[in-house]
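All values below were derived from every heavy atom in this structure, side-chain atoms included, with hydrogens, water molecules and symmetry-related copies excluded.
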Amino acid sequence: MASLMKPIYNSQLKTNNPLRYSYSRRGRSPQFHSPRSSHNHHFVLKCSLNTEHTVVHNVPLLSAAEAIERLRKNRESYQSTQRYMAMYSSVFGGIITDQGAMVIPMDDHMVHRGHGVFDTAAIVDGCLYELEQHLDRFLGSAMKAKIDPPFDKETTKRILVQTVSASSCKNGSLRYWLSSGPGDFQLSPSGCHQSALYAIVIQDQTPASYKGIKVITSSIPIKPPQFATMKSVNYLPNVLSKLEAEENGAYAAIWLDEQGFIAEGPNMNVAFVTQDSELLMPRFDKILSGCTAKRVLELVGDLVKKGKVRGVKVRDVTVEEGKRAEEMMLIGSGVLVRPVLQWDDQVIGNGKAGVVTESLRKLILEDMKSGPSTVRTVVP
């Protein structure tokens with residue numbers, strides 16, 4: 001629309017078409033027509049533009065029940081590999097299993113200001129993997145974001161476990177958020193009544209893939225350490241980095257820090273096996289501290305004992321070192337341990353998945369299924 005005119009009321013308006021949005025070639029000025037009074041809340045929007053088409057839209061006034069029913073049908077109208085099995089919201093103080101009601105308030109500051117943090121935990125054979133570790137990082141992120149949780153750690157953990165229990169999901173993932181809460185559309189959260197906790201159980205039916213992948217160097221600026229070290233919902237740089245990779249036929253884009261050292265991927269850590277058979281991983285002081293990456297550093301001791309790895313180092317890693325490595329891998333809860341076969345134009349090693357990468361993935365998978373109670377929380 002080139003411009004908008006003030007509403008022009010028309011008492012003779014017929015209400016059998018609640019909203020009519022019309023375009024014509026006669027002019028560029030849109031016209032809005034509305035009856036002075038109508039108990040059905042019908043109105044007409046007439047917009048004249050430089051086009052030959054006339055489009056008619058009906059916009060009904062819905063009840064809450066009708067809106068939820070439409071949300072439910074909308075979910076059913078398209079295919080998705082993900083199913084949402086249960087959701088908890090502290091706003092309505094309970095758990096729901098109806099996808100049509102899995103919504104959050106528009107005035108929640110996480111929605112319109114990005115003032116929120118999140119984390120996730122895998123559900124494997126009826127157990128939550130590394131829930132304690134993820135929960136500690138979650139609450140640490142909330143502290144950095146100046147969000148005071150509505151519950152203490154144990155209460156939060158109990159709510160998350162009960163949400164998974166209500167879902168009856170044996171294998172999937174649990175994702176949860178802390179926001180500064182609903183209240184208004186201001187910048188400051190001072191008008192928010194209370195922070196909010198949300199959680200959702202996701203059953204992903206996409207087959208797991210551990211095939212070797214290609215990565216590129218990201219041209220999207222990395223987030224500064226203050227924001228990169230917290231898991232906030234401000235993921236636009238991550239999204240743009242991922243899109244850049246896909247546009248260039250790659251799986252992910254690798255970020256470099258302000259000094260040019262290797263940092264991380266858009267939502268995973270990166271590690272290498274050097275020509276001297278050392279496992280090499282960038283430091284966590286400027287990037288997100290990956291729970292899966294830290295668990296890999298604990299489990300790799302088994303490979304050291306078997307002589308598959310000579311040692312482990314966590315330090316600054318140059319791009320040249322990374323591209324000369326015998327093996328390169330992405331590590332995260334979504335990819336577990338996935339081999340990288342090419343970085344930009346450089347083939348990594350012999351262009352095949354390496355022994356250490358494959359061994360580390362097997363160790364993680366075994367740990368998820370039969371690890372100690374420190375990493376596996378049984379869901380009743």
Answer yes when [X] and [Y] have at least one side-chain N-carboxylate O distance shorter than 4.0 Å, and no when they do not.
{"X": "Arg361", "Y": "Glu358", "answer": "yes"}
{"X": "Glu132", "Y": "Lys153", "answer": "yes"}
{"X": "Asp125", "Y": "Lys170", "answer": "no"}
{"X": "Asp302", "Y": "Lys308", "answer": "no"}
{"X": "Asp119", "Y": "Lys231", "answer": "no"}

So do the side chains of [X] and [Y] get within less than 4.5 Å of each other, counting heavy atoms only?
{"X": "Gln342", "Y": "Ile348", "answer": "no"}
{"X": "Leu197", "Y": "Pro149", "answer": "no"}
{"X": "His115", "Y": "Ser179", "answer": "no"}
{"X": "Lys144", "Y": "Thr229", "answer": "yes"}
{"X": "His109", "Y": "Leu187", "answer": "no"}

Between [atom1] on residue [X] and [atom2] on residue [Y], distance to nearest 0.5 Å:
{"X": "Ser241", "Y": "Ile216", "atom1": "OG", "atom2": "CD1", "result": "7.0 Å"}
{"X": "Lys157", "Y": "Phe138", "atom1": "NZ", "atom2": "CZ", "result": "14.5 Å"}
{"X": "Glu278", "Y": "Asp276", "atom1": "CD", "atom2": "CG", "result": "6.0 Å"}
{"X": "Leu139", "Y": "Leu178", "atom1": "CG", "atom2": "CG", "result": "7.0 Å"}
{"X": "Ile159", "Y": "Gln162", "atom1": "CD1", "atom2": "CD", "result": "7.5 Å"}
{"X": "Ile262", "Y": "Leu280", "atom1": "CD1", "atom2": "CG", "result": "8.0 Å"}

Original post:
Around Arg83, counting heavy atoms of other residues, nucleotides and ligands shown, do more than 12 lie under 6.0 Å from its CZ?
Top reply: no
Original post:
Is the number of heavy atoms from other residues, nucleotides or ligands under 6.0 Å of Asp345 CG greater than 12?
Top reply: no
Original post:
Of all residues at least two apart in sequence or in a different chain, which pass the side-chain contact (heavy atoms from CB on, under 4.5 Å) check with Thr357?
Top reply: Glu327, Met329, Val337, Pro339
Subject >> With Ser80 via side-chain contact (heavy atoms from CB on, under 4.5 Å) - residues at least two apart >> reply: Tyr78, Gln82
Could you state whether [X] and [Y] fall into the same hydrophobic cluster, counting links through intermediate Ile, Leu, Val, Met, Phe, Trp or Tyr residues with side-chain heavy atoms under 4.5 angstrom apart?
{"X": "Met102", "Y": "Leu160", "answer": "no"}
{"X": "Phe272", "Y": "Val312", "answer": "no"}
{"X": "Leu330", "Y": "Ile287", "answer": "no"}
{"X": "Met110", "Y": "Val103", "answer": "no"}
{"X": "Trp343", "Y": "Val317", "answer": "yes"}

Subject >> Closest non-hydrogen atom pair between Ala86 and Ser167, with its separation >> reply: CB-CB, 3.6 Å
Original post:
Where do Ala101 and Ile68 come nearest, in terms of heavy atoms and distance?
Top reply: N-CG2, 4.3 Å
Would you say the side-chain atoms of [X] and [Y] include a donor-acceptor pair closer than 3.5 Å?
{"X": "Ser209", "Y": "Arg338", "answer": "yes"}
{"X": "Asp148", "Y": "Ser195", "answer": "no"}
{"X": "Lys223", "Y": "Asn238", "answer": "yes"}
{"X": "Thr120", "Y": "Ser333", "answer": "no"}

Original post:
Looking at Lys286, Arg283, Glu321, which one forms a side chain to side chain contact (heavy atoms under 4.5 Å, CB included) with Asp316?
Top reply: Arg283
**OP:** Indicate yes or no for a side-chain donor-acceptor contact from Arg137 to the backbone of Ser289 under 3.5 Å, with no hydrogens or angles considered.
**Re:** yes
Original post:
Hey, is the main chain of Met230 close enough, under 3.5 Å, to the side chain of Ser141 for a donor-acceptor pair?
Top reply: no
Original post:
Under the ring-ring contact (aromatic ring centres under 6.0 Å, His included) rule, what pairs show up with a residue in residues 211-265, not counting sequence neighbours?
Top reply: Phe118-Tyr235
Original post:
Is it true that Tyr88 and Tyr198 have ring centroids separated by less than 6.0 Å?
Top reply: no
